[in-house]
Every structure is written in C-alpha cells, then in structure tokens.
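A short write-up of the structure that comes next.
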Amino acid sequence: EHIDISSLESIDNFQLEVDRKYQKADIFINNSGVYHLQKSLSKDGYEMHFATNTLGNYYLAKKIIYDLKENAKMIFVSSLAANFYKINFSDFQSLHTKNKMKVYGISKRIMMANAITLKNSLENSSIDVNITHPGICATELFTKSHSKLFNIFVYPLMKIVFHSPKKAALNIIKAIFVETNENEWVAPRGLFGAWGYPKVLRIKKIIYDENIREQVSDITADMISRH
C-alpha cells in the first residue's frame with residue numbers, strides 16, 4: 001500500500017486500507033525517514049523532516065496499534081544523530097534552523113521522546129515498543145543527499161570505515177526479540193555507537209527526561225488534534 005508518511009491524511013487512508021485488506025500483524029517496524037533535505041513544507045504545512053521523521057512517524061504508530069496482534073512488537077528506528085542536538089521548543093519544527101544535520105537530529109530526538117511516551121502508555125497492554133538505531137553505514141541516503149564531491153571522495157571511505165547495511169540491519173532484528181526499559185535502545189556496541197554488533201544500551205538521560213517528554217507529547221498532541 002502506498003503511503004506519504006509526511007501527510008496525516010495519507011496515513012489515515014493507509015491505515016483504513018491495511019485494516020480492510022490484511023490480518024493483524026506481529027511486528028511493526030517504523031523505519032520511515034528523510035535526511036538532509038532542502039527546506040520545504042509538507043502538505044499539512046510542517047517542516048518536511050519534522051513531518052516525516054517525527055509527526056507522521058508517531059501518528060502512524062498510534063493508528064496502527066489497532067492492527068497489531070497481542071504480544072506484537074513495535075520498533076522505532078532512530079538515528080545516532082539524535083544524541084547530539086537538543087530540542088529547541090521555540091523552534092519545535094526547526095523551521096528556522098539552517099543546519100540540515102541538526103534539523104534531522106532534532107526530528108529523531110523528538111521521535112524518540114514520543115516513542116518512549118507511547119511505550120509507557122502501553123505498559124498494561126501486551127504490545128511492546130522498542131527503539132533502535134543502525135549506526136552509520138554507506139547507503140543511498142548519503143549519495144542522494146550530498147554533493148558530487150562528497151560522493152566521489154567521502155562516500156567510498158565511508159564504505160570502508162563503517163559497517164554494511166546488512167550489519168546495520170541486525171540492530172532492528174535484535175530490537176524485535178529483546179525487552180528494553182524506557183531509558184534503553186538497541187544500538188551498535190562499537191565506538192560512539194557508530195558501528196558494531198547490536199547491544200541494549202542506555203539512552204542519553206536528556207532524551208527520556210520526563211519533563212521534556214511531557215512538553216513534546218503536549219505539542220505533538222495539539223498538532224494532531226488540528227488534523
């Protein structure tokens with residue numbers, strides 16, 4: 001089924017089609033995302049990284065819960081970049097932030113805050129939520145987002161230094177089969193979490209801070225309520 005994850009209307013239509021055509025699922029992997037885009041807005045008027053990586057990602061997860069079986073697993077795929085950029089509540093969507101990596105990192109950090117909130121809200125259900133990130137690997141996400149010089153000189157080095165997409169995907173697979181607390185995610189165990197085999201590791205405290213999560217949850221809920 002086709003879905004535009006940056007559009008809340010498209011998500012609504014997608015969920016209706018899934019509900020109509022398919023049986024309930026055991027696993028839901030929320031791996032949608034955009035990276036390093038030129039500044040643009042979604043159909044709903046939100047900054048595109050935020051609309052896709054954060055708002056649409058969370059809205060889809062909330063909608064798809066009803067199409068999951070008991071004891072299902074929901075996986076949110078985040079990014080190492082979420083570790084490095086603080087949420088700016090005065091520019092929540094990063095509309096006025098020029099640094100593309102910062103925009104991306106913030107969108108993933110907000111996504112994580114919402115995922116932890118969702119995990120806690122499902123505490124008394126049989127559905128579990130885990131967060132993971134794949135580390136750094138050389139994929140088309142980079143070649144389509146950077147300059148020709150980057151693709152000529154940097155990208156080949158990335159393929160040598162960092163792990164392969166197959167190894168990166170092991171983090172998602174492990175996240176399906178392990179249990180984590182709200183302050184943990186499945187991530188590469190290597191230097192800075194950039195590469196290596198998957199392991200359950202601690203999330204930065206500022207990401208799962210309850211006060212920050214409450215602010216994020218309130219703002220996100222308000223945006224969704226306007227839809």
Side-chain angles (χ1 to χ4, degrees), residues 3-8 10-11 29-61 76-116 131-165 168-169 171-172 185 187-188 190-195 203-204 206-207 212 215-216 219-220 223:
I3 182 172
D4 175 1
I5 199 72
S6 70
S7 165
L8 300 185
S10 178
I11 293 170
I29 300 174
N30 211 340
N31 192 34
S32 56
V34 292
Y35 165 80
H36 221 263
L37 300 179
Q38 296 296 327
K39 191 66 72 177
S40 59
L41 299 179
S42 69
K43 293 178 181 178
D44 298 319
Y46 297 112
E47 195 280 328
M48 189 58 77
H49 291 88
F50 176 83
T52 306
N53 301 350
T54 307
L55 191 63
N57 194 296
Y58 178 65
Y59 185 61
L60 174 59
F76 283 82
V77 181
S78 185
S79 169
L80 185 61
N83 275 336
F84 304 113
Y85 302 102
K86 293 182 180 180
I87 299 169
N88 180 1
F89 286 98
S90 63
D91 186 24
F92 192 66
Q93 301 179 48
S94 300
L95 278 169
H96 306 293
T97 303
K98 295 182 179 179
N99 184 317
K100 294 176 183 177
M101 180 58 78
K102 186 175 182 179
V103 172
Y104 172 74
I106 290 172
S107 73
K108 286 293 189 176
R109 179 173 284 200
I110 297 173
M111 184 212 77
M112 289 179 68
N114 278 326
I116 294 168
I131 303 171
T132 184
H133 83 78
I136 302 175
C137 58
T139 69
E140 289 185 357
L141 190 69
F142 290 100
T143 59
K144 292 182 177 180
S145 305
H146 291 278
S147 66
K148 289 182 179 180
L149 286 176
F150 178 94
N151 292 336
I152 292 171
F153 296 107
V154 180
Y155 185 72
L157 290 175
M158 289 182 64
K159 294 178 75 173
I160 297 171
V161 173
F162 298 112
H163 60 195
S164 68
N171 291 278
I172 298 174
W185 60 352
L191 188 64
F192 304 120
W195 63 82
I203 295 171
K204 274 192 170 184
I206 194 170
I207 297 178
I212 290 176
Q215 291 182 70
V216 167
I219 295 171
T220 305
M223 289 175 167

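Values below: all heavy atoms of this structure, side chains included; hydrogens, waters and symmetry mates excluded.
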Acceptor/donor pairs from residues 81-90 side chains to any protein atom, 3.5 angstrom cut, sequence neighbours excluded:
| unit_1 | atom_1 | unit_2 | atom_2 | d |
| --- | --- | --- | --- | --- |
| Asn88 | OD1 | Ser90 | N | 3.1 |
| Asn88 | OD1 | Ser90 | OG | 2.6 |

Report all side-chain donor-acceptor pairs from residues 156-164 shorter than 3.5 Å, counting only partners two or more places apart or in another chain.
| unit_1 | atom_1 | unit_2 | atom_2 | d |
| --- | --- | --- | --- | --- |
| His163 | ND1 | Gly196 | N | 3.2 |
| His163 | NE2 | Pro134 | O | 2.8 |
| Ser164 | OG | Lys167 | N | 3.2 |

Mind listing the closest non-hydrogen atom pair of [X] and [Y] along with its distance?
{"X": "Ile131", "Y": "Ala115", "answer": "CD1-CB, 3.8 Å"}
{"X": "Ala168", "Y": "Cys137", "answer": "CB-SG, 3.8 Å"}
{"X": "Thr97", "Y": "Lys39", "answer": "O-NZ, 3.0 Å"}
{"X": "Ile11", "Y": "Gly56", "answer": "CD1-O, 3.4 Å"}
{"X": "Asn53", "Y": "Gly33", "answer": "OD1-CA, 3.0 Å"}

So, taking the atom named [atom1] in [X] and the one named [atom2] in [Y], what distance separates them when rounded to the nearest 0.5 Å?
{"X": "Met48", "Y": "Ser40", "atom1": "CE", "atom2": "OG", "answer": "4.5 Å"}
{"X": "Ile172", "Y": "Ile29", "atom1": "CD1", "atom2": "CD1", "answer": "6.0 Å"}
{"X": "Thr132", "Y": "Asn31", "atom1": "OG1", "atom2": "CG", "answer": "9.5 Å"}
{"X": "Ser6", "Y": "Asn57", "atom1": "OG", "atom2": "CG", "answer": "12.0 Å"}
{"X": "Leu55", "Y": "Ile5", "atom1": "CG", "atom2": "CD1", "answer": "10.0 Å"}
{"X": "Gln215", "Y": "Thr220", "atom1": "CD", "atom2": "OG1", "answer": "11.0 Å"}

Inset, instruction - Report yes if the side chains of His133 and Pro188 come closer than 4.5 Å at any heavy-atom pair, otherwise no. - result: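 His133 reaches Pro188 side chain to side chain.
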
Legend entry - Option from Ile206, Ile207, Ile110 for which side chain to side chain contact (heavy atoms under 4.5 Å, CB included) with Ile212 holds: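 Result for side chain to side chain contact (heavy atoms under 4.5 Å, CB included) with Ile212: Ile206.
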
Legend entry - Donor-acceptor side-chain pairing of Asp4 and Ser10 below 3.5 angstrom: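 Absent: no donor and acceptor within the cut-off.
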
Inset, instruction - Evaluate side chain to side chain contact (heavy atoms under 4.5 Å, CB included) for Leu60 paired with Ile3, printing each intermediate quantity in order. - result: CA-CA 10 Å; Leu60 174 59; Ile3 182 172; 4.2 Å; yes

Inset, instruction - Please report the C-alpha distance between Trp185 and Phe76 in whole Å, then the side-chain angles of each, then the deciding distance to 0.1 Å, and finally whether the side chain to side chain contact (heavy atoms under 4.5 Å, CB included) criterion is met. - result: CA-CA 10 Å; Trp185 60 352; Phe76 283 82; over 6 Å; no

What residues form a ring pair (Phe, Tyr, Trp, His ring centres under 6.0 Å) with [X], not counting sequence neighbours?
{"X": "Tyr58", "answer": "none"}
{"X": "His49", "answer": "none"}
{"X": "His146", "answer": "Tyr35, His36, Phe150"}

Inset, instruction - Kindly check if the number of other-residue, nucleotide or ligand heavy atoms within 6.0 Å of NZ (Lys204) is above 12? - result: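 More than 12 within 6.0 Å, yes.
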
Inset, instruction - Step by step, work out the side chain to side chain contact (heavy atoms under 4.5 Å, CB included) result for Lys100 and Tyr104. - result: CA-CA 6 Å; Lys100 294 176 183 177; Tyr104 172 74; over 6 Å; no

Hey, does the side chain of [X] reach the backbone of [Y] with a donor-acceptor pair shorter than 3.5 angstrom?
{"X": "Asp44", "Y": "Leu8", "answer": "yes"}
{"X": "Thr54", "Y": "Ser107", "answer": "yes"}
{"X": "Gln93", "Y": "Phe50", "answer": "no"}

Inset, instruction - Could you go through the side chain to side chain contact (heavy atoms under 4.5 Å, CB included) check for Ser78 and Met111 one step at a time? - result: CA-CA 8 Å; Ser78 185; Met111 184 212 77; 3.6 Å; yes

Legend entry - With sequence neighbours excluded, residues passing side-chain hydrogen bond (donor to acceptor under 3.5 Å, both in side chains) with Asn171: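 None.
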
